[in-house]
Amino acid sequence: MARIFSGIQPSGELHIGNYLGAVKNWVALQHTAESIFCIVDYHAIIGAYEPDQLRARRREMALGLLAAGIDPDVASLFVQSDVPEHTELAWIFNTVTPLGELERQTQFKDKSQRMESVNAGLLNYPILQAADIMLYRADQVPVGEDQIQHLELARVIARRWNAQFAGEQEFFPEPKPLLTPTRRIMGLDGQSKMSKSMGNTIGMMESRDEIWAKLRPAVTDPKRIKKTDPGTPEVCNIYHLHRAFSPPPTVEHVAVQCSTAGWGCIDCKKVLLESMETELVPIRTRAEELRAQPDRLDAALASGAEKCRGIARETMRGVRDRMGFG
Ligand code: ATP
Ligand code: MG
């Protein structure tokens with residue numbers, strides 16, 4: 001059976017970009033492969049943060065993932081810092097990772113531009129990510145499009161380590177991305193990828209009113225200035241959100257109404273809001289139920305960590321042995 005692994009940072013609220021690019025796929029895939037999902041809190045400390053805030057966000061993320069449909073009886077959900085082998089393997093991978101490859105990573109270039117002072121953790125982020133995946137010797141990684149480049153680097157790391165220490169064997173499988181049709185959701189600014197760190201998100205737990213307050217002013221086709229100007233659906237972020245949330249006949253109808261100026265953008269956004277509510281209300285309801293049962297959340301994370309510690313220890317035994325430790 002294939003083993004899939006993926007992670008999400010507790011660096012802010014779970015948003016619809018995370019959901020459509022990754023988490024929705026996790027929920028679908030958990031029944032088809034042995035699945036391990038990780039709240040990667042060591043990744044999330046690269047940017048400035050408050051310790052209490054991290055504690056709260058970690059729990060909130062776990063709650064959001066369970067509410068979105070991760071089933072702890074089927075998949076393992078755990079917190080990265082509960083399995084110390086992640087950082088151990090990351091250190092080892094530091095020693096086989098070419099510096100030039102790290103400096104070329106788009107996420108490093110983008111995020112370092114937005115930081116006042118850049119720490120080595122930001123540069124080395126993909127090494128820890130490679131360790132996260134490889135600790136479980138996972139071969140498939142369901143992620144959004146922005147992570148494809150990091151996975152290419154993870155494959156370079158696997159190849160280099162295997163070549164140096166595994167002889168003819170493939171100790172670490174080369175992990176491949178699994179993408180969704182909604183692999184890159186743009187932020188409400190229409191300028192960049194929706195990201196927790198950019199403040200351009202719609203949160204999975206936001207209320208109908210909060211979502212509407214964000215959708216109403218959201219950027220649409222910039223050439224559609226007056227309601228009577230026909231629009232080009234393909235260039236409009238709202239149209240792409242319809243493709244993610246609305247049933248196909250609605251999507252077709254939206255495209256016609258936009259390109260013939262039958263609807264104004266507000267009409268189009270109102271229909272989108274209804275489609276979003278259809279998908280998100282059950283998730284919010286489950287989240288409320290879970291919030292009232294904190295023991296269920298603790299139990300899910302504890303059993304996930306227990307299982308993952310077992311796998312991680314075994315992998316590290318193999319790694320240490322092949323590298324001349326112990
Ligand atoms: P941060 O801004 O802190 O990096 P993020 O919103 O990018 O947060 P991550 O925790 O880095 O979220 O990513 C979690 C998963 O969500 C990854 O698989 C990533 O590819 C996916 N993802 C993130 N943003 C988007 C997006 N806008 N569209 C599709 N997938 C996304
Ligand atoms: Mg990110």
Side-chain angles (χ1 to χ4, degrees), residues 4-30 35-50 53-54 57-58 60-62 64-65 68 70 77 79-81 105-115 118-119 121-126 128-130 132-133 138 140-154 175-206 214 218-219 237-238 240-241 243-245:
I4 68 175
F5 174 94
S6 198
I8 186 161
Q9 302 186 69
S11 50
E13 61 173 0
L14 178 64
H15 58 76
I16 60 168
N18 301 138
Y19 177 66
L20 296 168
V23 176
K24 198 173 173 179
N25 211 14
W26 301 0
V27 173
L29 291 165
Q30 64 184 341
S35 301
I36 300 177
F37 302 121
C38 184
I39 297 171
V40 292
D41 50 354
Y42 278 140
H43 285 274
I45 61 173
I46 289 169
Y49 76 99
E50 293 291 328
Q53 184 189 46
L54 182 66
R57 282 178 168 175
R58 199 189 276 126
E60 194 58 25
M61 185 56 75
L65 295 175
I70 300 299
L77 176 68
V79 172
Q80 185 185 34
S81 60
Q105 299 296 308
T106 306
Q107 177 172 300
F108 172 68
K109 289 195 272 189
D110 283 354
K111 288 196 172 176
S112 58
Q113 266 177 7
R114 289 190 261 128
M115 276 181 166
V118 178
N119 59 49
L122 187 68
L123 181 70
N124 291 342
Y125 182 108
L128 181 56
Q129 184 173 351
D132 298 338
I133 299 162
Q140 298 184 345
V141 189
V143 283
E145 188 183 68
D146 60 308
Q147 296 304 316
I148 292 177
Q149 197 187 22
H150 285 170
L151 284 177
E152 272 166 27
L153 179 51
K176 290 171 197 69
L178 292 175
L179 299 168
T180 64
T182 47
R183 59 194 62 181
R184 182 179 166 83
I185 301 297
M186 295 299 283
L188 294 173
D189 49 13
Q191 297 295 310
S192 50
K193 175 188 96 69
M194 186 176 282
S195 294
K196 291 186 228 96
S197 52
M198 289 289 284
N200 59 1
T201 59
I202 293 182
M204 293 290 289
M205 299 303 151
E206 290 192 273
K214 289 181 170 181
V219 172
N237 196 23
I238 297 299
H240 289 287
L241 290 176
R243 300 222 316 208
F245 284 107

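As a basis for the values below, the full set of heavy atoms in this structure was taken, side chains included, without hydrogen atoms, waters or symmetry mates. Counting convention: from 1, in listed order, for ligands and their atoms alike.
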Shortest non-hydrogen contact between Glu13 and Glu206, atoms and distance: OE2-OE1, 4.0 Å
Ligand 1 contact on Asp146 by region, counting heavy-atom pairs under 4.0 Å: side chain
Geometric class of the His150/Tyr125 ring pair [parallel <30°, tilted 30-60°, perpendicular >60°]: tilted
Ligand 1 contact on Ser11 by region, counting heavy-atom pairs under 4.0 Å: side chain
Side chain to side chain contact (heavy atoms under 4.5 Å, CB included) involving Ser195 - partner list, sequence neighbours excluded: Lys193, Ser197, Met198
Within-cut-off N or O pair, Ser6 and ligand 1, under 3.5 Å: no
Region of Arg184 engaging ligand 1 - heavy atom pairs below 4.0 Å: backbone
Selection from Arg183, Lys111, Lys196, His43 by shortest heavy-atom distance to atom 4 (O) of ligand 1: Lys111
Residue part near ligand 1, for His15, under 4.0 Å between non-hydrogen atoms: side chain
Non-hydrogen atom of Ile8 closer than 4.0 Å to ligand 1: yes
Heteroatom distance test (Ala22, ligand 1): nitrogen or oxygen, under 3.5 angstrom: no
Geometric N/O contact Met186 with ligand 1, under 3.5 angstrom: no
Flag for Asn18-His15: side-chain donor and acceptor within less than 3.5 Å: yes
Short N or O distance, Met194 and ligand 1, threshold 3.5 Å exclusive: yes
